Number of protein chains: 2
Amino acid sequence: MSVTARGSLAEALSLRGIRLTRQRRLLLEVLDNAPGHLNARELLQAARRTDPTIDRATVYRTLHLLKTGGLVDELDLLHLEGEEHYYERRRTGDHVHLGCPQCGTISEFETDLVLELSQEVARREGFTATGIRIEVRGICKACSEAQVG
Amino acid sequence: MSVTARGSLAEALSLRGIRLTRQRRLLLEVLDNAPGHLNARELLQAARRTDPTIDRATVYRTLHLLKTGGLVDELDLLHLEGEEHYYERRRTGDHVHLGCPQCGTISEFETDLVLELSQEVARREGFTATGIRIEVRGICKACSEAQVG
DNA sequence: GTCGTGAATGCAACTGAGTCGCAACTGATG
DNA sequence: CATCAGTTGCGACTCAGTTGCATTCACGAC
Ligand SMILES: [Mn+2]
Ligand SMILES: [Mn+2]
Ligand SMILES: [Zn+2]
Ligand SMILES: [Zn+2]
């Protein structure tokens, strides 16, 4: 489980003089092994199952660090429910999030259009993208079939 | 100033049995005439210059209404600063927001790729998009030119 | 190993965005 | 006008996220 990720993490952080603490390792491990997208509260709860002393403030401080360092992406999944943000490990391939307000499901979608967009932004605007967030709201397949069916 | 918008607003709302109150008209007018993107606090402040009695709760309730009704889009502009959300009147052409953390500037970018994306999502996933939010973080032209100089 | 030091953590108090229940008010309809 | 459901202002509340500070700890130097 995520040994490589842990390796790259140590690299990525220690190079910048950022310490790899027990808590940071734990939080990234939780994010790696999480089935879906976690918000800060859920991340804290999950981490506390391993280390009951870890604090809310540490979670927020670590998330900030990981966001800035490009290791984690922050999403709001269109705030389909609540105002919290959600977090996921940054992967190699960018992806789009599809949210269906009707059933509350979030699904993921990969497409070359994400890359195309960052290229077009660079070409036409001179803007060098470092991160892209695409979130689509709409009616998912299951919901639209259930409605007409 | 936004007479047509007001007309279409009355249509759009009264059809659904939603009353066009003094406060709602005012809030939409402020959004229409705002130079950039406003968060809820700024929207309240601006509205109070015309109607000092308007309340925070009304702003939030109205924003919720307008979001649900598709008249206003909620953005978080990658939370470059703060956790608030920002609001803008929905226009005909979808557009992308480009945010530069270095100088804090938000710019807008129009491209057919937005439409292409919603089509691809429909074709490959059976997902009917009702709204798309694309936010790109990166280094703007001015900042990258200033850096290399 | 152990030591020293600056960085990170836990804690508790705080901030402020957003929500809610309720009494007073008002826009639409006839 | 008169009616009345929908809407507003208000004040109290919730709770995500932040901050200051004393304590602890990661990690490089020895
Ligand atoms: Mn995802
Ligand atoms: Mn957000
Ligand atoms: Zn659905
Ligand atoms: Zn810039």
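Lettering of chains follows the sequences in order, A, B, ..., and the numbering in each one begins at 1. Here the structure is a predicted model, which is why all the values come from computation and not from measurement.
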Checklist entry - Looking at five pairs on each end of the helix from C:dG1-D:dC30 to C:dG30-D:dC1, what is the angle between the two axes, given to 10 degrees? => result 50°

Next on the checklist: Given D:dC27, D:dT19, D:dC10, identify the nucleotide with an atom nearest to the side chain of A:Leu20.
Outcome noted: D:dC27

Next on the checklist: Under the salt bridge (Lys or Arg N to Asp or Glu O under 4.0 Å) definition, can you give me all pairs with a residue in residues 57-78 of chain B, not counting sequence neighbours?
Outcome noted: A:Arg133-B:Asp76, B:Lys67-B:Glu74, B:Asp73-B:Arg90

Checklist entry - Hey, is the side chain of A:Arg24 poking within less than 4.0 Å of OP1 or OP2 on C:dT9, counting only N and O atoms? => result yes

Next on the checklist: Distance criterion of 3.5 Å, no angle test: do you see the side chain of B:Arg41 paired donor-to-acceptor with the base of C:dA17?
Outcome noted: no

Item to check | Rounded distance (Å) that lies between atom C1' of C:dG21 and atom CZ of B:Arg61 | outcome: 10 Å

Checklist entry - Quick one: is B:Thr21 getting a side-chain N or O under 4.0 Å of the C:dT26 phosphate, OP1 or OP2? => result no

Checklist entry - Under 4.0 Å: is that the gap between some side-chain N or O of A:Tyr60 and OP1 or OP2 of D:dG17? => result yes

Checklist entry - Is there a side-chain contact between A:His97 and A:His37 (heavy atoms, below 4.5 Å)? => result yes

Checklist entry - Under the 3.5 Å rule, do the base of D:dG9 and the side chain of B:Arg56 count as making a donor-acceptor pair? => result no

Checklist entry - Would one find a side-chain N or O of A:Gln23 under 4.0 angstrom from OP1 or OP2 of D:dC25? => result no

Checklist outcome for this item: Within residues 44-55 of chain B, the residues having a heavy atom closer than 4.0 Å to DNA chain C are none

Item to check | Distance, rounded to the nearest Å, where A:Glu84 contributes CD and C:dT19 contributes P | outcome: 11 Å

Checklist entry - Atom NE2 of B:His79 and atom P of D:dA16: how far apart are they, to the nearest Å? => result 15 Å

Checklist entry - Which pairs count as salt bridge (Lys or Arg N to Asp or Glu O under 4.0 Å) when at least one residue sits in residues 123-132 of chain A, sequence neighbours excluded? => result A:Glu120-A:Arg124

Checklist entry - Between atom CD1 in B:Ile18 and atom C1' in C:dG27, what is the gap in whole Å? => result 14 Å

In residues 51-58 of chain B, what donor-acceptor pairs under 3.5 Å come from side-chain atoms, sequence neighbours left out?
| unit_1 | atom_1 | unit_2 | atom_2 | d |
| --- | --- | --- | --- | --- |
| B:Asp51 | OD1 | B:Thr53 | N | 3.0 |
| B:Asp51 | OD1 | B:Thr53 | OG1 | 2.7 |
| B:Asp51 | OD2 | B:Arg22 | NH1 | 2.6 |
| B:Asp55 | OD2 | B:Ala57 | N | 2.9 |

Checklist entry - Could you state the CD-P distance from A:Glu83 to C:dA17, rounded to the nearest angstrom? => result 12 Å

Checklist entry - Just wondering, do A:Glu110 and A:Val96 contact through their side chains at under 4.5 Å, heavy atoms? => result no

Item to check | Closest-nucleotide ordering on DNA chain D, the 5'-leading residue of B:Leu65 and B:Ala57 | outcome: B:Leu65

Next on the checklist: Rounded to whole Å, how long is the line connecting atom CG of B:Asn39 with atom C1' of C:dG18?
Outcome noted: 13 Å

Checklist entry - Which one, C:dT26, C:dG10, C:dG6, comes nearest to the side chain of A:Thr58? => result C:dG10

Checklist outcome for this item: From CG of B:Leu26 across to P of D:dT7 the rounded distance in Å is 17 Å

Checklist outcome for this item: Ranking A:Arg22 and B:His85 by the position along DNA chain C of their nearest nucleotide, the one closer to 5' is A:Arg22

Checklist entry - Parallel under 30°, tilted from 30 to 60°, perpendicular over 60°: which one fits the rings of A:His85 and B:His85? => result tilted

Item to check | Heavy-atom check, side chain of A:Arg24 versus side chain of A:Arg19, under 4.5 Å | outcome: yes

Checklist entry - Do the side chains of B:Arg137 and B:Leu80 get nearer than 4.5 Å, heavy atoms only? => result yes

Next on the checklist: Does A:Ser107 form a side-chain contact (heavy atoms from CB on, under 4.5 Å) with A:Cys140? I'd like the steps, not just the answer.
Outcome noted: CA-CA 9 Å; A:Ser107 58; A:Cys140 73; over 6 Å; no

Next on the checklist: In this structure, how many angstroms lie between the C1' atom of D:dT8 and the CG atom of B:Leu63, rounded?
Outcome noted: 15 Å

Checklist outcome for this item: Sorted by chain and residue number, the salt bridge (Lys or Arg N to Asp or Glu O under 4.0 Å) partners of B:Arg91 (sequence neighbours excluded) come out as B:Glu88, B:Glu108

